[in-house]
Each structure stands twice: as structure tokens, then as C-alpha cells.
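This report refers to the structure that appears directly beneath it.
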Amino acid sequence: MMPAKGVFIGQRKDRMGARLLMMLTCVRLAEDFDTSYKVNWFPQGSDAPELDQPQELFAQDWMDARFVSAKEFDRLSKKALPVWAFQGDKTPDRLVAHLNAGRSVLVEEGFEVLAFPWEDIEAIRPRYRDFIHQIGFTDEIRAIMARADEKLSGQGVSAYHIRRGDILNGLPWKHTTWPAKIEPEELYEAHLEKTTGQTAIMFSDQPELITRFQKRYPELLRMSDIADVSDMTRAQRDFLELYTMSRADHVVAPYISAFSMAAARISGRQRLVFKDVLSEDEISVANHRVIDRVSKGPSAFLNASEAAHIYAKAAQYLCAQDEIEKAYELARPILDEGADNAFMPLLQAMNCFYLSKWKECEKLAAAGLDNGNLWSEDYAVLLALRAATLGAQKKRWSASRYLARAFWGKPLRPDVAVLASRMLYRDQISARLFPPTDWRVQRQVRRRRFPPFNNLYLVQHKVLVRQPCNFDFVLMDWSDLALDQKARRFFDDHSRLERLAEGFDSLEGLSVDDPGVLSGRAVLHWHLGAINLQQAIDETRKISSGWPENPLYHKRLSVLYEADGEVARARMTLAEALACDPGNPFLVFAMGKFLERNKAVEQGQNQIIQAADLDENSAVIQGEAGHIHLRRGNKGKARPYLKKANDLFPPFKRFANQLARTR
């Protein structure tokens, strides 16, 4: 008997926009893959209390058909795979087989139209406008949806979305910057002035801003001009504003806002950002007006938190224009005002770094790292910044300790990669604090420069003249030392594999016959499918035989033998790697993990504990040793390892949670 076909299960832990986009994506996938979809509306760890009563939005019969209980979700998800697991495929075959075998697919994507490599995203995008009508809203909601259609559709309206709300005032959101979500008011003003006479409507989660705009632009509409939703719940208001926004002909919004993205998807159009609707000169004039407002101090803003967030935008613009001293001076009044946003010391430390104010940079970095509200990404950046500051003062060992903590915490963070590249190029990294890596090759394996201001605090050219290194070269051998889950999934990400291969194809100053190049390329080409496993083994075996003193080559050969099912040879080869450097904690850890995987669990765990005793700077090694003792019931022995792991990277909460279990 054939099993029932697997379904798509959508879930998001955040707010309305992302959840709605997730549902539209599920509708689309179910339609195209001839199956059904379910919605896990109450996932563990969700952070949207205003959505806790879905009956405010959806008809009961629709929820009965589409919502899954926690018990049903657990059952379905046991054999499920995330949708991203199929996004590296060239054909739908594996996904279709997965569904046909009765296995489900988890869909958590909620920010863009999802398309697989074999699909045409531009053919999919306009279909989203019809999907909204397949969701079972209540009659009350549908009545206001119809009113929004009547008043706005086809009228040439521009809709603006200003994102503030929880970013300014909510925890933990206020403690990191949101450059792709927050746009200064001056950009909205520039477009309103450019389109004088055209109908416009504004939406914001900070109502004071709309009131302020309406005083300057009396013809500007708001939601209350469409329908009175004041007596409705937060969830109902959010959805109806989102739907009303979708009726406009143009949605102008920040780069990343699930709310406005969902509105654009429902409309079947692309959402517009300011670079689409304003010229470079108009944006430049608006940016100067932003700086003028920041210069007036925090009193020119809704509160000190808004001053801090808008300052983050102004500071990047100033630093890119080489006006760093001004950026440094403008930060002072905001800090003096008592803005408690955890990112402010980071931004000021960065200004000090540009200005070579090493002592002040260190002081700010130390204070920032002690702030328990600092987000994990920002914590990694501040660690890397402190490392580069110490490196500039020729304190190589201390610099490398901070860099290692930053790298293993967030190796894919652009700021970390840029600062680590600077340190590598300037010979400020102590190799002993890192696992065996071919640093000669790593210097030459580079990647394209990161897009400016795209998930990047640093102004790149102020830090690094050359292209940054592609540190996926390190993760290719040691991804299991990273805390960051995306970094650990290196071999599942085809685009990262291809980008690293591009770096190997454009090496400067190294011969194509260099053993480091040949060894790295063999492993990479095997994972890309350019050579088969036996070819990779043959090439790597020649290299490890020719350079038997290099533990990295032996470790790579061991990995290939293990993949080929040659467990005994893999173990012997890894032992040869360890013999090259017997006290190396990373090699001891690698042996421990190998033994765990290959039916020598207790022996492997003892090796991991030994690695932790040799190691000082790897949160993963310390954490695994602590967890082993915890599972064995040795709470007293677990405690020092877990404490050290937590101290190395406090924002990673797993170790703190495990540490709490030892009390």
C-alpha cells in the first residue's frame, strides 16, 4: 500500500508579514507539487503574542483543515526535511520522491518568493496575487479587504512603509542595528516631494511618525482613511494594513521588511526601495539632511533609541565619505544621553579603530563585550574588532585569542571575514591557536568584496585594500568547530562550494602543482562532483605521501577514506595526522568525533574530553566535553567545561542552559 503523500508544513516564529509570506509559499508549493500544506501556527519559541488567537483572522473550518497540532507536527516532522535541503538540486526528482514516500517538507522561508534552481522565479512571482484568496479569512476581515480594493486598486497610489516599533522599543530588537529595515524619514520626504500631487498612503508601527508626516503633507492618507480598525485586535489591524498596502500600485519600503514584502507579493508586484525611486543625487541630499538632524542631538528624534538607530545609518555614510572624525563626534551626545542600545559602543569603537585610537577602542570593546544584551553577530564583530586592535599593537597572541572566538562564533559574518583578512595579510595571526590550516593557500583564496552596507558595519576600503579571504577554505576541514549552524552546513550549500572553487581558479603567486592547492582542490572538486571519490582519494594519497609531516593532508585523506567506507584505513590515517602534532587539541578532537561516529563512542568521548583539557579557545570543544560529563551524570565535572564554553561566546545560549542543569 502506497503511503499518503507528504505535505508542506509552514511555520514562522516571528510576526505577521513573514508568516503570511510563508503561507503563500506553502500554497504555491502544494499547488505545483500536487499535494497539500499544513500550518504550524504555534511553533516552539515563537515570539508574536499578538498572533496567539488566530481565530481573530481565520475561519474555524479553514483552521480545522490547515492547522496542525503539536502532536501531529511532531509526527510529520520526524521524517521531514527543510525546503532548503532541496535548493541545491538541479531537478525536482529528489523532492518529488521525498513527497511520494510520505515524507513532509518544512517551509520556514518568509522573506522572498521561493524558487528552486529548475524553476523560473519570474513566472512564479505574479501568481502570488491569487494565493491570498485561498486563505480562509473571516467574513469581517474579508469585508474590509473588499473596501481597500474599492478605494485604492488601480488608482496609481504610492504606499509607504516606515519600520520602527519594536526595533526602537522592544527587547531584544533594540540592541542591534537594522540597516535594511530602518530608513530615515528624509528619504520618504524626498519621494513625497518628488511625487507631489499623487495620492499616497503611509503605514507605520510607530503612529507618531505618520502624525508628524501628515502635519507636513496634509493630503497623505493613513489606514483610518480607508476603514476604522481602531477597535480591532493587533493581529487584525496588522493584516488589514498589510492587505491595504498591497492594493497600492507602488509599495516603497525598506530593503528587508516581511510586512511590506508580503504586501508586494500579494499584489503580484515587486516592492520598491529608495534606490529604485530616487536618483543618486536625491539620495545624497537626503543623507546630508539625515546628518544635519543627527547633529542636532537626540532631542530631534522620538527617543534616544531612534537617535541611535538613525545614527547607525548616518555613521556609515560619513565613514564612506572619509568623515570619520565627524561620525566619532556625533556618537558622543547619543552615548551621553544614555542611549542603552548595545550596538552603540560597537559603532564608536569602530570609529576609534579607523582613527587609530587604540586605547579608547579597546576600552569601548571591553565594555561592549560585557553587555549581556549584545546580539551574537555583534558580539562576534566586537571580538574581531578587539582582535584587530590588539594586532595593530603587535599583541599577536592576545589578538589571535579574540579572533578565534569571533571566527568560531560567526565565521560567515562579513565584518569578521574582513578583519580576519586584514590580520592575516599583516601576519597578525598565531597559527597555533587555530586548527591545522594551509595559511599560504588561505592568503590567496579570496572572494569578491562584500556589498557595501549589506550586513556589514565596516566601510571595507578603510580596513582592507585587497579582496577579503574566503574562509570557507578553513571551514572545508573544520566546520564542526563553528557554533553558527549555517557555517556548519558548508557542504550543503552549493553556491558556497562554487564560490570557493572560483577562488581556487584565480590564485596568485602559487603554482597549480603546489601540494596545498592540489589537496584543497581535490576535496572541493569531489564535493562538487567534478571528480569521483576514488580520484579524490588517489590524488590526496599522493600528496600525503609526498608531504608526510603535514597533518592536514592526512586528515583530508582520512575523511575521504571514511566516506568510502574504509573505516580502518581512515582511523589509521587520522592517527598519522595526530602523530604529526600529538598535543594538538583540534586533531585530538577530530579523532574523538571520528571514534564516536564509528562505534567507539566511549573512547571517542574520552578523546573529546582530552581535547578540551588541551584547548583554551574553542567553545565547541569545551561545550562537547561538558555535555559528555553531563550525560554521564558528572555534574561537577561538567561545570568547568560548560562555564568555559559559555564564557568564550556568551550569546550562544546552549552552554548557559546546560550549565544551569549542573546546579
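Along the sequence shown, residues carry numbers from 1. Computed from a predicted structure; not experimentally measured.
The backbone N or O of A327 lies less than 3.5 Å from a partner atom in the side chain of Y311, making a donor-acceptor pair. Counting only distance, with no hydrogens or angles, the side chain of R28 and the backbone of V113 share no donor-acceptor pair below 3.5 Å. Remark: side-chain polar atoms of Q11 are not paired, donor with acceptor, to backbone N or O of N40 under 3.5 angstrom. Between the side chain of E241 and the backbone N or O of R222 there is no donor-acceptor pair closer than 3.5 Å. Proximity of a side-chain donor or acceptor of T244 to a complementary backbone N or O of L240 within less than 3.5 Å is detected. Under the 3.5 Å distance criterion, the side-chain polar atoms of R66 are matched with a main-chain donor or acceptor of Y37. When atom types are taken as modelled, the side chain of K313 and the backbone of I182 share a donor-acceptor pair closer than 3.5 angstrom. A distance-only check finds a donor-acceptor pair linking the side chain of Q460 to the backbone of F450 [under 3.5 Å]. A distance-only check finds a donor-acceptor pair linking the side chain of T35 to the backbone of G6 [under 3.5 Å]. Put simply, the side chain of E306 gets close to the backbone of L302: a donor and an acceptor are under 3.5 Å apart.
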Handout entry: From CA spacing to verdict: salt bridge (Lys or Arg N to Asp or Glu O under 4.0 Å), E377, K410
Key = CA-CA 7 Å; E377 293 81 4; K410 289 289 176 181; 3.7 Å; yes
Exercise for the section: Assess whether side chain to side chain contact (heavy atoms under 4.5 Å, CB included) is satisfied between V381 and L458, documenting all intermediate values. Expected result: CA-CA 10 Å; V381 175; L458 291 162; 5.9 Å; no
Handout entry: Derivation of the side chain to side chain contact (heavy atoms under 4.5 Å, CB included) call for F203 and L242
Key = CA-CA 9 Å; F203 302 87; L242 188 153; over 6 Å; no
Practice task
Check the pair F301, H309 against ring-ring contact (aromatic ring centres under 6.0 Å, His included), reporting the backbone distance first and the verdict last.
Solution key: CA-CA 10 Å; F301 297 87; H309 281 282; over 10 Å; no
Practice task
List the steps and the verdict of side chain to side chain contact (heavy atoms under 4.5 Å, CB included) for R413 and N455.
Solution key: CA-CA 8 Å; R413 174 76 191 200; N455 201 24; 3.2 Å; yes
Problem - Stepwise salt bridge (Lys or Arg N to Asp or Glu O under 4.0 Å) test for R237 and D231 - result: CA-CA 9 Å; R237 290 197 307 271; D231 291 335; over 6 Å; no
Practice task
Assess whether side chain to side chain contact (heavy atoms under 4.5 Å, CB included) is satisfied between K38 and E72, documenting all intermediate values.
Solution key: CA-CA 10 Å; K38 297 286 185 178; E72 186 182 3; 4.3 Å; yes
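Aromatic ring centroids of Y457 and F343 lie 6.0 Å or more apart. The six-membered or imidazole ring of W375 lies near that of W178, with a centre-to-centre distance under 6.0 Å. Taking the six-membered ring wherever Trp is involved, the centroid distance between the rings of F239 and F137 falls below 6.0 Å. Here the two rings, on H191 and Y160, have centers that are under 6.0 Å apart.
At most 12 heavy atoms of other shown residues, nucleotides or ligands fall within 6.0 angstrom of atom CD in E280. For CZ of R142, the number of neighbouring non-hydrogen atoms (other residues, nucleotides, ligands) closer than 6.0 Å is greater than 12. For CD of E208, the number of neighbouring non-hydrogen atoms (other residues, nucleotides, ligands) closer than 6.0 Å is greater than 12. Taking a 6.0 Å sphere around CD of E329, one finds it holds more than 12 heavy atoms contributed by other residues, nucleotides or ligands.
Atoms CG and CG, on D34 and L29 in that order, are 13.0 Å from each other to the nearest 0.5 Å. The distance from the CD1 atom of I201 to the CE atom of M223 is 7.0 Å, given to the nearest 0.5 Å. To the nearest 0.5 angstrom, R247 atom CZ is 9.0 Å from L152 atom CG.
In this model, no donor atom of one side chain and acceptor atom of the other lie less than 3.5 Å apart for N341 and N373. Side-chain polar atoms of R163 and S204 form no donor-acceptor pair below 3.5 angstrom. No donor-acceptor contact under 3.5 angstrom links the side chains of D281 and S279, judged on distance only. For N351 and Q348, the side-chain atoms include at least one donor-acceptor pair closer than 3.5 Å. Side-chain contact, E193 with Y217: a donor N or O sits under 3.5 Å from an acceptor N or O.
Under 4.0 Å is where a charged nitrogen must lie from a carboxylate oxygen, and between R216 and E185 at least one such pair does. Contact check on K174 versus D340 returns a salt bridge, with a Lys/Arg side-chain nitrogen under 4.0 Å from an Asp/Glu carboxylate oxygen. A salt bridge is defined here as a Lys NZ or Arg NE, NH1 or NH2 lying under 4.0 Å from an Asp or Glu carboxylate O, and D74 with K78 fails to meet this definition. We find that D493 and K486 are not joined by a salt bridge, their nearest charged nitrogen and carboxylate oxygen being 4.0 Å or further apart. Residues E183 and R164 are not paired through a salt bridge, judged by the lack of any N-O separation under 4.0 Å between the basic side chain and the carboxylate. Of the charged side-chain nitrogens involved, none lies within less than 4.0 Å of a carboxylate oxygen, so that R125 and D120 do not count as a salt-bridged pair. Remark: K13 does not engage E108 in a salt bridge, criterion side-chain N to carboxylate O under 4.0 Å. Salt bridge annotation for K296-D292: absent, with no cationic side-chain nitrogen under 4.0 angstrom from a carboxylate oxygen.
Remark: K326 pairs with no residue by the side-chain hydrogen bond (donor to acceptor under 3.5 Å, both in side chains) rule, at least two apart or across chains. For P651, the side-chain contact (heavy atoms from CB on, under 4.5 Å) partners are S376, Y379, F649, not counting sequence neighbours.
Contact check for T25 versus M22: no side-chain heavy atoms found under the 4.5 Å cut-off. For the pair V105/F86, a side-chain contact is recorded, criterion being any heavy-atom separation below 4.5 Å from C-beta on. Counting heavy atoms from C-beta on, the side chains of N100 and K5 come closer than 4.5 Å. Between V83 and F116 there is a side-chain heavy-atom pair separated by less than 4.5 Å. Contact annotation: the side chain of L192 approaches that of F213 to within less than 4.5 Å [non-hydrogen atoms, C-beta and beyond]. Residues P92 and E119 fail the side-chain proximity criterion, which asks for heavy atoms closer than 4.5 Å. Under the 4.5 Å side-chain criterion, counting only non-hydrogen atoms from C-beta, Y317 is in contact with H288. For the pair L483 and R654, the minimum side-chain heavy-atom distance is 4.5 Å or more.
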For residues 48-59, dump all side-chain donor-acceptor pairs below 3.5 Å to protein atoms at least two apart in sequence or in another chain.
unit_1, atom_1, unit_2, atom_2, d
E50, OE2, R15, NE, 3.0
Q53, OE1, Q55, NE2, 2.7
E56, OE1, T233, OG1, 2.8

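Minimum interatomic distance between L114 and Y128 (heavy atoms only, all atoms of both residues): N-OH, 3.9 Å. Across all non-hydrogen atoms, the minimal contact from R147 to A227 is NH1-CB, 3.5 Å.
A cation-pi geometry, defined here as NZ or CZ lying under 6.0 Å from the six-membered ring centre and within 45° of its normal, does not hold between R12 and W41.
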